[in-house]
Structure formats: C-alpha cells, structure tokens
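Everything numeric in this text was worked out from a predicted model, so none of it was measured.
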Amino acid sequence: MSETTPAAEAAAPHRYTAALAADIESRWQDFWDANQTFAAPNPTGDLAGDGELARPKKFIMDMFPYPSGAGLHVGHPLGYIATDVFARFQRMTGHNVLHTLGFDAFGLPAEQYAVQTGTHPRVSTEANMENMRRQLRRLGLGHDTRRSFATIDPDYYKWTQWIFLQIFNSWYDEQADRARPIGELVEQFEKGERDTPDGRPWAELTPVERDAVLGEYRLAYASESPVNWCPGLGTVLANEEVTADGRSERGNFPVFKAKLRQWMMRITAYADRLLSDLDALDWPEAIKLQQRNWIGRSEGAKVGFAVEGHPGDPITVFTTRPDTLFGATYMVLAPEHPLVDTVVPAAWPEGTKDAWTGGAATPAEAVAEYRRQAQAKSDVERQTEGKNKTGVFSGAYAVNPLTGTRIPVFVADYVLMGYGTGAIMAVPGQDERDWEFATVFDLPVVRTVRPPEGWEGEAYTGQGPAINSANDEIDLNGLEVADAKRKVIAYLEQRGIGEGTINYRLRDWLFSRQRYWGEPFPIVYDEDGVAHALPESMLPLELPEVEDYSPRTFEPDDADTEPETPLSRNAEWVHVELDLGDGRGVRPYRRETNTMPNWAGSCWYELRYLDPHNDRKLVDPEIERYWMGPREGQPHGGVDLYVGGAEHAVLHLLYARFWSKVLFDLGHVSSVEPFHKLFNQGMIQAYVYRDGRGFPVPAAEVEERDGGYWYGGEQVKRELGKMGKSLKNAVTPDEIAAEYGADTLRLYEMAMGPLDVSRPWDTRAVVGQYRLLQRLWRNVVDETTGEVTVTGSEPDEDTLRALHKAIDGVRQDLEGLRFNTAIAKITELNNHLTKAGGPVPRSVAEPLVLLIAPLAPHIAEELWRRLGHDGSLAHEDLPVADPAYVVDETVTCVVQIKGKIKARLEVPPTISDADLEAQALADPAVVAALDGAGVRKVIVRAPKLVNIVPA
RNA sequence: GCGGCCGUUGCUGAAUGGUAUAAGCGAGGGUUUUAGGUGCCCUUGGGAGAAAUCCCAUGUGGGUUCGAGUCCCACCGGCCGCACCA
C-alpha cells in the first residue's frame, strides 16, 4: 500500500515512508537501550540514582503477560501501548516513572506442550518470552529493562516460596483484626492464655496433636475437605476456576466434588477487609461490584433448632430472614452435613408420607441412597437438572423455637454444605426455593409477611408488615422487615437460641495443584506426617528435572479417581534427609509433591519490580515506601496505574489483594493494597467471515462489494468476534509495523476509541494515522531535500491559539487516559499548519513534536534531533498552555428563544452577563422572533449562550 | 431469574445539562502523474429551497428543566457478571 515507486522516491526522497519509519524506529530503540533512557532510579540499593529523588514518583503497571507460543496479534499490545503513552507523558511532566514488564511464565500450556513433545517447559517458555520481547521491542515501549524478570526464575520464586512460608507461619488474630506470627499463638497456648480445643495443657499434647490444633489457625493449611476434582485435567481447581455450569475454565472438563487433602489459604479471614478497603480504591465500579458480589457479605442470624430425641445436637442454621422464623415449617440439611448420620432414626416415624421416603424401607437407606445419587452427580448434572427440587425425609423432627411446632428435617441438595452452616430453616411463604420444595413434598406454608393487595404469586420475598408472628413472649406482627429482624434477633440472643451474625459467600482458596510446571511447596513432612517449613536458607526449593511432566489424567467423567502428581514419581527428590535447624538434627522427610497454582507468582510481582535483584529481603522497605507507600489520595498505597483486562476481576485481583494484606500485617510492606488505580482496557475485536458451512475463511482475502462479502466467488457472512488464528482473522503488530511503522500502529490503536471500550480492528483505517505522521514530517522536513524547514519567525495569532488550545486539551486528555481525543486535537493542530502552508515557525514545531512524543515517540525523537537538540526528548518538559491563547479572540454566542437557536453573536470572551444580555435582546433576529412578546426570563451563560424565555 | 454497562453518521467514534455529529475511515469530485497508486485540495446526517435560510434527527415512549445525547421512569435491542448463596 505504502510502497513507493522509484519515480515517487525521486520526487520525494525524504518522505516519511514505512522504510524511513523502520530506520528511525530501530535507531531510536537502540539509542534508548544504550542510554538506559527509561531507567528509573530507586532511593537506595543497586538501582539507586546519583542524587536525591526530587521528582514525585509514578508506578505504572500492565497486567502480567503469559508468554504464549502463538505470538502476539494487534489486540495484545493495546494496554502496553496505553501504559507506555501514559508513562512517557508522566515522565515529561516531572515524574520519576517506574514502568517495566516481566512474565508470568508458569502455566498449563507449556506443560501440555511438554507432554506432547517432550520439550522441557522451561525451554519452550524461554523461547516464547524471547519472541514476545522481540515483538514488544518493535513497538518502542519505554520499559526499565533492568527490572524485568519471569516467575520461573529461581531468584524470583524463592520469594514466592518465602511468602508462602510467611502465610503458613501466621494466624489471624480476630481481636487485633490482623495476621500475627504463629509463634505468638503457640506462646498463648503455652502460657495457658488460650485454651486448647479439649482443655488439656499445651505441654501434654503430642506433636501431631499440636500440629492439628495449629492447622485450625494457620493462614495456609492443609485440609481434608470437599474440593473441585477435575479428572480430565488430573488436578483440583479453585472455586474461581470452575465455571457456573460446573466445568473447568481451562479445557472445559467436568468437575466433581471430592474429599481430598489439599493446601488452602484462609482468605476468608480477610473477607471483611477485602470488602471495606475497596471503597478507597480508584477502580471501575463494575469491578468493585464483582468483588463485592464474590465476597458476598450477608447479615443475618444463626439460630439453633432442637432435634427431637437428640437434646445435645441442635441444628444450627444461618438465615438472612430471622424475621420469618414463625413461618419455618420444615428444615433441610445438605447431603454432606455431619448431623445427618446422627439424627436419622431406625424406622420411619408414624405418619410419614410415601413421597418423603424415596421408596426406601428405612430412613438410613433412603438417606444413603440419596447421598449416593447426589455425590455421583457432577455439578453439571446438578445444574442441568435445574431447579427441580429433590430430597428425602431424614425421619427426624426438629422444633421451631418460636412456635413450638414439630417440623420435619429433610436432606436435599439444594442446600449447599459450603455456604452458611449447611443447614437451613425453610420458610416457603417467603422463599421461592422453599416454596417449590414444599410443593413437591406437600409441606405446609405459613405466610409471615403480608403480600401487597392483589398478590397472586407464590413465595413473597418483598417488604411488608409481619403477620402470623407472635407467641406469648414476642410479637412481631405489624413490624416492617428490618424492625422485625432487629426485634427477633434481640429476643433470640436474650434467650440463648441464636445470635445476629455475618456470613460470606467467599470460601478459602484452594492453593495446591497436581502439576509439574509451578512453584514447589517449601514444605516437608516428618515420619508422623507433620508438615514443616523449610528454613529460609534452603530456598529456593528448585523444581527437579523429571521424565514425565504430566499428572495422571483420567476419563473426564470418572469421578471415582484420585490425583497423582508428577513430582510424586520422583522418589529421590521426594525422600530426603535434612536438618531443618529446629534442634532435631538430621531426619528423614518426605517433600510435598503438589505445586502452587498459577496465581501465586502474580500475587506479589509488583513488589519485585521495585527491587528486582534483592536476595536478602523480599523488598527493601525504603524502596517499597517510596514507590508504593500510602500518601495523599491513596490511603492504602499501591501502584499508581494498573492496566489490564476485566477478566481478572476476581481471581488475580482478589488473591493479590489478600497477599498484600498479609504482608502488610506481618510488617513486610507499608501498602495495604497492591493497586490503587485500576483501568480495564477494552478488547480489540475483529470480523470473522464464515462460509456456507460455518467455517471461518481468511479475513484478509474477503472482498466487500454490492453490500455483501465475498471469498473466492462465494458469498460469506460477517460477524464480530475475537481475533485469533483459529478464526483466520489475526493481524499481527509485526505486519502493521512493516507496512506503516510502529508509530503509526501505536497511534492507530490509541485513536480507535476510548481505551476501556471494545471495538473492531479495521486495517484499512490505519492509513489515517500514517497520513498524520506524513503531514507532521512534511511540516518540519522538506521531502525533496531532507532539509529542516522551520523558520525563526513569529507565528500568527490563529496559529498561536490553535497551538495553545491543543497543548491545553492534549495535556488534560493524556492525564485522563483519553488518548483518542488527544490524537484528534494534535491532528487538528497539524491540519491547521498544513492548511496554512508555508514553513512552520520553530516556536510551533517544537511544542508540536513534544506533544506527540508520548504517542509516537520515534518520529518525535527524530524530529527533535533534526531540530537541533542533543539526546532524547523523553525527559523534556511537555509544553504548558498560555491561558491567554487558550480562548478565542471572539467567541460565537448563541441566542436561543426557549432553547431554539435564533441568532449568533460574535463577542469577546470576557463580555459581562449584562452586556451580553443587552446585545442579545437588541439583535434584529431576536427582536423579530420575539415578535413583540414580552420577556419572562433571560438565562445568560457568558460568553457562549443566552436563552430567552418569552412571556 | 438477579445485578451492572451500553444504544449518536455508511463505519470507528467527539460532545463539564448550554451551537449535536470533533478526529479518522469510507464515499464523491478536483489536482499532480503517460497511467494506476501515493501525496495535496474540496464536499459528505436527512428533508425543503436558486439562495439566505428553515424544518427534522442521538433505539422507542413519557417526565424534570429556560434548555436533555447527557438527569429520572417504562419499554425494545445488545454486551458483561452472578446464578438453588438460605
């Protein structure tokens, strides 16, 4: 497209062409490298600068990329270009800017590739990183390369393991509302300040017993609990990695509930702080909302229901509607609830309905059969069977504590063991699910909230006065829901039946995976099976070389299987003799063979950017305070700008926040939150063209004509989708850079629209930004001679105003990440200069070059150099607008009558309201339009608008 | 089902409650060129008119306001998140 023929070259040998752009770009990229232009000095340590750090800091980050083997398409660098533009802008407005990029390099794809090809994951991963570095370098990103690293570097994962041990060796002190070292808890047990579970003195507990007690407190703990087991992947998954329809997010395999011993992180201890600290963060509301929903705080009450014949074993339920307690007509236990075994009687009680028994001879058989069915169902099946309520009567009766009524206890899988207490009181009158269940099993309904007049629905979940809610001691009737809740909770607490409480949807984070390509746990087990932390001196614990990288996988549908880790097959590595330095001497140990999940490495990488070579400390406290510490407007501290996709709304962002808080509690960092300002960039979409069979055809070869799209003589259908190789519509940054240069690509991506909105890629439109750069070039350099054409003359008034308006607008737009409108304003200024013709005054050309520098840095550097400056403009000051020229000499004032424009006046911008009103009323067009009607009111917004309201 | 976001031109998109449609693409015309392409210049929401100018238009229908693309309500369409969470 942009190829120049010999003739054109002869006519304009110094035109800005793709070839010239390529030359300029590679020269400046080399210059920046050689001069370490983007090295950001630290206050101390090996990256400290020469002098004091006088400039304010900006820490700008992109979300950690995974080095994919497929290479980048033009959608990938969108965020990297945006942060680079912003970082360059900040650098030119007096900031010490830290911006770099590392790699989140552990992960499933490299491992799967290794399984297929036998290539070590490190080899393929490093090759991929090399390729990605090359692609990104071509874009001219101004990164501090000294600070780059990958999570697979042992130097890095040493500290990932170290943080794990910090978490393992701490507990959450509810009183102090913070994490504390586990040693302080042991001390409390030793001194008798805290009772052991069975009341025996600490000294009398065996090591195994002590380990079990501490396991209940540790923030990282191994537990035998229901987890998401995915046989198809051969690994267990975190709740966040399982989709709503019960399949693995990666690979889309069925996921089953299985009880397995796994490492967990007690993130639930931080639920409240993760929720409340969101308020002071500068994040998109949508993301805050997603986190709030995921944490799922709900206020309610715990209420104990006595079970007939089992005075010592009340069923405790959690309810958000304690006001409806009078309407609880039955109860439900989750199939996994431990009390199910306890309460089931030997025989069906008198009067048991046939429908309740599931056709079994005894309650025990009925419950066993129901549990078997529930367990064999994958979550998919539970979902697809939808809202059809199933369940079985347990044979037991409980007593409603307010009405004294006997109510049957059911077992049903619509109650989940993982939420609340795993047991509910069922109030069909006020809960749709309970209503459905009550209908299926023919259970009574008592309404305790009066539905509105004419209510024809079933369960009524809205507001209204309480009814049917009184006994000898308490009367809720007539109270609105909130008042009734308060009153009943007070009563329950006073009677010792229940208490007000807060519940969270958030569960503890499943932290182990049965994979090879991840961080090994720095944990060994002794002969009693007690877990011990490796001492810091033994870190990093490096991944051993293995023959076989894959975990054992199974038939995806075979729930009755158990994980087998790749590391467990490596006996020499697993079984070791070590002196842990705990005074017990050299002993045999067995290593933990799980590895950490992919999220571990990205939970703290922002800290490593600060002090990337530190091998003595996680991060130097002075350096951490300088870049991350709390300050005016950022009460929790954190990164100044964090840009990435919205898909990490809960997973990565929640985990990273959690680790930050633990590290803060333990005194390792001064920031409570990792990311102060979060910005989600939109996706670059692309058209997908499909033939008659629905298969994608190469998008680049589709022709548009007669209002349709054609590929090889066949009409094809167009739809908007993702960009990717499989859809045959990928466009790479390499090909666009080759065609037009990297500066054009950068400008185009930034000009396409607002950064946070998704929009389709249109290769045809790229040329618009190329033309902008060509005109810019031509405004400074003569295309024929290559001479710089700027003059020393003074610009005219119009040009000065155009310049200063552009400066003013561009500064504001860049500050607000509105790159598209910043480019539009630069384009307007440049078009103004082009249209004016003739040589451009130096006093206009130089600020223009500086203005575009953050967006198109290579051409700006080159023009700056040709304009006679030494070195790079990366640290020059961005021009500041002169307010005198930001306003026009005269402005057009519109005169409206009832909001309709009737006249326009040219007035000075400083005109007073009174003068403007007088002029407007005197205008002939206005007089004519008023046609003698009186004036009721005049609204004057000098100098732009007058609105007259006739009588 | 619940919650959130968004509907402006042929397309991507501008517009602190105050002149709707900036900038780019595409399209049409002109110019340079032997020619194509590139570059440069002009036009480009709809309707009426010779023109000045006027009328209509921001998914649909209401409302608030001197004035609404912008705020409120309902509906239609699209995107995203959650989903038996007691």
Side-chain angles (χ1 to χ4, degrees), chain A residues 1-5 7-8 11-12 15 17 244-245 284-287 289-290 292-294 296 298 300 317-321 324 332 382-383 385-389 412-416 418-427 430-434 436-437 503-507 646-647 649-650 704 707 720 747-748 751-754 756-772 774-775 778 783 809 818 820-828 831 834-835 837 891-901 904 925 936-939 941 944-950:
Chain A
M1 257 176 265
S2 62
E3 288 199 13
T4 42
T5 61
R15 176 168 291 175
T17 59
D245 56 352
E285 275 309 315
I287 300 291
L289 193 68
Q290 275 187 60
R292 289 194 185 107
N293 290 343
W294 191 264
S298 55
V317 303
F318 172 75
T319 175
T320 55
R321 293 295 302 275
T324 64
V332 182
R382 284 201 193 188
Q383 288 295 329
E385 283 171 27
K387 316 240 158 154
N388 296 332
K389 295 287 177 291
D413 65 2
Y414 84 94
V415 172
L416 311 173
Y419 184 75
T421 61
I424 63 159
M425 64 176 208
V427 188
Q430 269 76 231
D431 185 286
E432 282 163 17
R433 296 152 300 174
D434 295 347
E436 286 167 28
F437 191 84
N503 195 46
Y504 297 94
R505 198 188 82 113
L506 181 71
R507 324 279 171 79
E647 66 273 17
V650 281
E704 183 177 359
L720 198 55
L747 276 180
Y748 176 67
M752 286 172 79
D756 56 351
V757 174
S758 296
R759 69 243 126 179
W761 177 265
D762 182 8
T763 297
R764 275 192 318 186
V766 176
V767 70
Q769 303 306 321
Y770 181 60
R771 288 178 188 148
L772 166 64
Q774 285 191 323
R775 273 177 235 152
R778 200 178 294 124
E783 287 189 341
R818 293 183 299 271
N820 54 330
T821 50
I823 292 169
K825 282 160 189 159
I826 290 172
T827 307
E828 278 182 292
N831 286 350
T834 301
K835 237 169 245 177
V891 294
T892 308
C893 173
V894 276
V895 185
Q896 302 175 332
I897 293 178
K898 282 203 76 174
K900 302 264 185 212
I901 297 158
R904 291 185 171 81
R936 183 150 67 94
K937 193 174 172 187
V938 181
I939 292 112
R941 292 281 178 277
K944 302 273 282 187
L945 179 131
V946 177
N947 192 8
I948 299 163
V949 188

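- Atom P of nucleotide B:U53 and atom NZ of A:Lys900 are separated by 18 Å, given to the nearest angstrom.
- Nearest to the side chain of A:Arg15, among B:G18, B:C82, B:G39, sits B:G39.
- Pair assignment for B:U64 gives none, since no Watson-Crick or G-U wobble pairing has each distance under 3.5 Å.
- Distance A:Glu783 CD to B:U32 P: 18 Å, rounded to the nearest Å.
- Contact annotation for A:Thr827: backbone-only contact, meaning every heavy-atom pair under 4.0 Å involves sugar-phosphate atoms and none involves a base.
- Checking the phosphate oxygens (OP1, OP2) of B:C40, a side-chain nitrogen or oxygen of A:Arg778 falls inside 4.0 Å.
- In summary, the side chains of A:Tyr414 and A:Asp434 do present a donor paired with an acceptor at a separation below 3.5 Å, with no hydrogens or angles considered.
- Distances were taken from every side-chain heavy atom of A:Thr834 (C-beta onward) to each of B:C41, B:C84, B:G26; the shortest belongs to B:C41.
- Rounded to the nearest 0.5 Å, atoms OH (A:Tyr770) and OG1 (A:Thr17) are 5.5 Å apart.
- The side chain of A:Asn831 contributes an N or O atom lying less than 4.0 Å from OP1 or OP2 of B:G24.
- Taking a pair to require two hydrogen-bonding distances under 3.5 Å in either a Watson-Crick or a G-U wobble arrangement, B:U58 remains unpaired.
- Checking A:Val894 against A:Ile897, the closest nucleotide of RNA chain B that is more toward the 5' end is the one next to A:Val894.
- Checking side-chain atoms of A:Arg941 against main-chain N and O of A:Ile939 turns up no donor-acceptor pair under 3.5 Å.
- Remark: B:G7 base-pairs with B:C76. Criterion, Watson-Crick or G-U wobble with two distances under 3.5 Å.
- If you check every strand for non-hydrogen atoms under 4.0 Å, A:Glu432 touches nothing.
- Closest to the A:Val767 side chain, of the nucleotides B:A15, B:G26, B:G81, is B:G26.
- In the set B:C82, B:A86, B:A14, B:C82 carries the atom at the smallest distance from any side-chain atom of A:Trp294.
- Considering only side-chain N and O atoms, A:Arg764 lies nowhere under 4.0 angstrom from the phosphate OP1 or OP2 of B:C11.
- Rounded to a whole Å, the CZ atom of A:Arg759 is 16 Å from the P atom of B:C6.
- Using a 4.0 Å heavy-atom criterion, one finds that A:Asn503 contacts no nucleic acid atom at all.
- Within 4.0 Å of A:Leu945, counting heavy atoms only, lies at least one base atom of the nucleic acid.
- Looking at heavy-atom distances under 4.0 Å, A:Arg941 makes contact with a base.
- Here A:Ala824 lies in heavy-atom contact (under 4.0 Å) with a base.
- Counting to the nearest Å, the P atom of B:G1 and the CG atom of A:Asp431 are 18 Å from each other.
- Between A:Ile823 atom CD1 and B:A22 atom C1' there is a gap of 14 Å when expressed in whole angstrom units.
- Atom CZ of A:Arg771 and atom C1' of B:G24 are 10 Å apart (whole Å).
- Between A:Arg775 and the phosphate of B:C40, there is a side-chain N or O to OP1/OP2 separation shorter than 4.0 Å.
- Listed for the A:Arg759 side chain is no donor-acceptor partner under 3.5 Å among the backbone atoms of A:Met752.
- Here the OG1 atom belonging to A:Thr319 is positioned 4.0 Å from the CE atom belonging to A:Met425, to the nearest 0.5 angstrom.
- Spacing of P atoms, B:G18 relative to B:U70, comes out at 11 Å, to the nearest Å.
- Look at B:C40: its Watson-Crick or wobble partner, with both distances under 3.5 angstrom, is B:G30.
- Between the side chain of A:Tyr748 and the backbone N or O of A:Asp762 there is at least one donor-acceptor pair closer than 3.5 Å.
- Judged by Watson-Crick or G-U wobble contacts below 3.5 Å, the nucleotide B:U12 has B:A23 as its partner.
- Between A:Gln774 and B:G39 there is a side-chain N or O to OP1 or OP2 distance below 4.0 Å.
- Between A:Lys825 atom NZ and B:A15 atom C1' there is a gap of 10 Å when expressed in whole angstrom units.
- A:Leu289 comes within 4.0 angstrom of sugar-phosphate atoms only, judged by non-hydrogen atoms across all strands, and of no base.
- Applying the 3.5 Å distance criterion, the base of B:C41 shares no donor-acceptor pair with the side chain of A:Lys835.
- Residue A:Gln896 is in base contact, counting any heavy-atom pair closer than 4.0 Å across all strands shown.
- Atom CZ of A:Arg771 and atom CG of A:Leu747 lie 14.5 Å apart (nearest 0.5 Å).
- Comparing A:Gln769 and A:Asn820 against RNA chain B, the residue whose closest nucleotide sits nearer the 5' end is A:Asn820.
- At distances below 3.5 Å, at least one donor-acceptor pair connects side-chain atoms of A:Arg507 with backbone N or O atoms of A:Gly418.
- Across all strands shown, B:G81 forms a Watson-Crick or G-U wobble pair with B:C2, both key distances being under 3.5 Å.
- Distance CD1 (A:Ile901) to P (B:U53): 13 Å, rounded to an integer number of Å.
- Of the candidates B:C66, B:A15, B:G13, the closest approach to any side-chain atom of A:Val757 belongs to B:G13.
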